[in-house]
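To start, the structure under review is shown below, and the notes come after it.
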Amino acid sequence: MSQVMVSIITPCFNSAKTIEKTIQSVTGQNYADMEYIIVDGMSEDNSAEIISRYQAKYPDMIRLISERDAGVYDAMNKGIRAARGKIIGIVNSDDWLEQNAVKTILKAMSDFPYEILYGAVKIWNDSLEVKTVLCHHSQLKTQMMMHPGCFVKREVYEKYGMFHLQYHYSADYEFMLRMAGIEEVKFIPVYAVVSNFRMGGLSSSDKAVRETAAVKWRYKSISRRRYIRIMAVSLLHEVYVRLKRGKR
């Protein structure tokens, strides 16, 4: 395949503690034809200063969108709309790419316009590597592929839509389930580590658990009985946590 432009998007808000490693992992890719779009939701810490420093160092690569947004998926959609690359990867501001991630993905890419390529992701708890995960797309109805390892052709977003903002925690999962129902969209697994995910984000909250259950129920991957049970257990756990905090 001939050289193609790759767009990497990072949504950011108050990420000063972690975003430098994210930026370094993108600017340090061993692939030249790239643009890096950082979508900052008007951070109140010194994220902007860090981004500006790297933007000055890589003026032809880094583009900054700095404005209020309606959450992380709104920021992702803004980045996608601004992207010029043939294929788009999204790496959150507390995650980071492997140095050869882009080249690894591109080796598996074909000329077919509607492809979603995904690789393995290392999961970290602080500085401890917990495990490496590659969730195959055939198992999407039961578990989400690791989003930091996913790269999507721009044509997919243009024809079939982006992230639905009614979801605050699971819009990426809903997007993948939606795409899995479209015969024209092809999922391509890449059997190599391409990204790193830091534990402890919003996806582990009780609200996220309930929203993910709602997405699964919408796409009929769980029964109504299972859905109700997940919702009840999650709500009870949330109440328990609140009561426990109140006793401190």
Side-chain angles (χ1 to χ4, degrees), residues 6-31 34 36-39 43 45-47 50-51 54 58 62 72-73 75-76 79 87-109 116-152 169-173 175-176 187-209 211-212 234 237 241:
V6 176
S7 299
I8 304 295
I9 298 165
T10 291
C12 167
F13 183 71
N14 291 346
S15 305
K17 291 182 179 179
T18 57
I19 194 169
E20 188 160 20
K21 185 169 186 175
T22 306
I23 295 172
Q24 289 172 348
S25 78
V26 177
T27 57
Q29 289 296 301
N30 53 8
Y31 185 78
M34 289 177 56
Y36 185 26
I37 303 169
I38 302 175
V39 187
S43 291
D45 60 5
N46 66 329
S47 295
I50 296 169
I51 296 167
Y54 281 93
Y58 301 96
I62 297 178
V72 65
Y73 295 112
M76 290 178 184
I87 188 165
I88 300 170
I90 298 174
V91 53
N92 289 329
S93 57
D94 51 356
D95 303 330
W96 65 98
L97 296 175
E98 292 288 304
Q99 186 178 26
N100 62 344
V102 169
K103 274 191 173 181
T104 300
I105 291 294
L106 290 180
K107 285 179 182 177
M109 191 174 80
I116 297 175
L117 299 97
Y118 62 97
V121 176
K122 289 181 183 177
I123 299 177
W124 296 80
N125 187 356
D126 293 326
S127 59
L128 178 65
E129 182 182 337
V130 178
K131 58 183 176 180
T132 299
V133 176
L134 179 62
C135 300
H136 197 270
H137 67 277
S138 62
Q139 303 299 314
L140 255 178
K141 285 199 170 184
T142 58
Q143 58 184 341
M144 169 61 178
M145 295 133 50
M146 294 297 293
H147 196 238
C150 296
F151 290 73
V152 180
Y169 309 95
S170 307
D172 51 344
Y173 189 23
F175 172 81
M176 291 300 177
F187 287 81
I188 312 295
V190 177
Y191 297 100
V193 176
V194 298
S195 190
N196 297 268
F197 172 81
R198 197 187 307 268
M199 293 174 63
L202 290 174
S203 60
S204 59
S205 70
D206 279 299
K207 288 181 180 178
V209 168
E211 187 172 280
T212 299
S234 176
H237 180 260
V241 170

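Hydrogens, waters and symmetry mates play no part in the numbers below; they use all other heavy atoms, side chains included. This structure is a prediction, so every number in the text was calculated from the model and none was measured.
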Item checked: Short side-chain to backbone donor-acceptor contact, K103 and N30, under 3.5 Å -> yes
Checklist line | side-chain contact (heavy atoms from CB on, under 4.5 Å) between I105 and V6, worked out | finding: CA-CA 10 Å; I105 291 294; V6 176; over 6 Å; no
Next item on the list: Can you see which heavy atom on P11 is nearest to which on N92, and at what distance?
Entry: CG-OD1, 3.4 Å
Next item on the list: Please round to the nearest 0.5 Å and tell me the distance separating atom CD1 of I87 and atom CG of L106.
Entry: 6.5 Å
Next item on the list: Give a yes or no on whether the backbone of S93 and the side-chain of T18 come within a donor-acceptor separation of less than 3.5 Å.
Entry: yes
Next item on the list: Can you measure from SG (C150) to CD1 (I188) and round to the nearest 0.5 angstrom?
Entry: 12.5 Å
Margin query: Using a 3.5 Å distance criterion without hydrogens, assess whether the side chain of S25 forms a donor-acceptor pair with backbone atoms of L97.
Written below: yes
Next item on the list: Answer yes or no: is there a side-chain heavy-atom contact under 4.5 Å between D95 and W124?
Entry: no
Next item on the list: Measure across E98 and N196 and return the closest heavy-atom pair with its distance rounded to 0.1 Å.
Entry: OE2-ND2, 2.9 Å
Next item on the list: Step by step, work out the side-chain contact (heavy atoms from CB on, under 4.5 Å) result for L140 and M145.
Entry: CA-CA 7 Å; L140 255 178; M145 295 133 50; 3.8 Å; yes
Item checked: Shortest non-hydrogen contact between L134 and Y191, atoms and distance -> CD2-CD2, 3.2 Å
Note to self: Would the distance check show the side chain of S195 and the main-chain N or O of W96 forming a donor-acceptor pair, the cut-off being under 3.5 Å?
What the structure shows: yes
Item checked: Donor-acceptor contact below 3.5 Å, side chain Q29 vs main chain A101 -> yes
Item checked: Nearest-0.5 Å distance that lies between atom CD1 in I50 and atom CD1 in I19 -> 7.0 Å
Next item on the list: Of all the heavy-atom pairs spanning T104 and A192, show the shortest one and how long it is.
Entry: CG2-CB, 3.8 Å
Note to self: Using only atom types and a distance under 3.5 Å, with no angle test, would you say the side chain of Y73 pairs donor to acceptor with the backbone of Y169?
What the structure shows: yes
Check: Heavy atoms, side chains only, cut-off 4.5 Å: are M176 and I116 in contact?
Finding: yes
Notebook entry, point to check: Got a sec, which residues hit side-chain contact (heavy atoms from CB on, under 4.5 Å) with D45, two or more places apart in sequence or on another chain?
Noted result: N14, A16, S43, S47
Item checked: Flag side-chain contact, heavy atom, 4.5 Å: F197 against H147 -> no
Checklist line | Separation of Y58 OH from T27 OG1 (nearest 0.5 Å) | finding: 4.0 Å
Notebook entry, point to check: With a 4.5 Å limit on heavy-atom distance, are the side chains of I123 and M199 in contact?
Noted result: yes
Checklist line | Spacing of OG belonging to S15 relative to CD1 belonging to I23, to within rounding of 0.5 Å | finding: 9.5 Å
Next item on the list: Would you please say whether a donor-acceptor pair under 3.5 Å links the side chains of Y36 and T10?
Entry: yes
Checklist line | Any pair counted as salt bridge (Lys or Arg N to Asp or Glu O under 4.0 Å), so long as it reaches residues 9-31, sequence neighbours left out | finding: E20-R53
Margin query: If I compare all heavy atoms of P189 with all of F187, which pair ends up nearest, and what's the gap?
Written below: CD-O, 3.7 Å
Next item on the list: Could you grab the distance from atom CD1 of I37 to atom CD1 of I62, nearest 0.5 Å is fine?
Entry: 11.5 Å
Note to self: What I'd like to find out is whether the side chain of M144 reaches to under 4.5 Å of the side chain of T212, using heavy atoms alone.
What the structure shows: no
Notebook entry, point to check: Y118 side chain to V152 main-chain N or O, any donor-acceptor pair under 3.5 Å?
Noted result: no
Notebook entry, point to check: Are D172 and I90 close enough that some pair of their side-chain heavy atoms sits under 4.5 Å apart?
Noted result: no
Notebook entry, point to check: How close do S170 and E211 get, heavy atom to heavy atom, and via which atoms?
Noted result: N-OE2, 2.7 Å
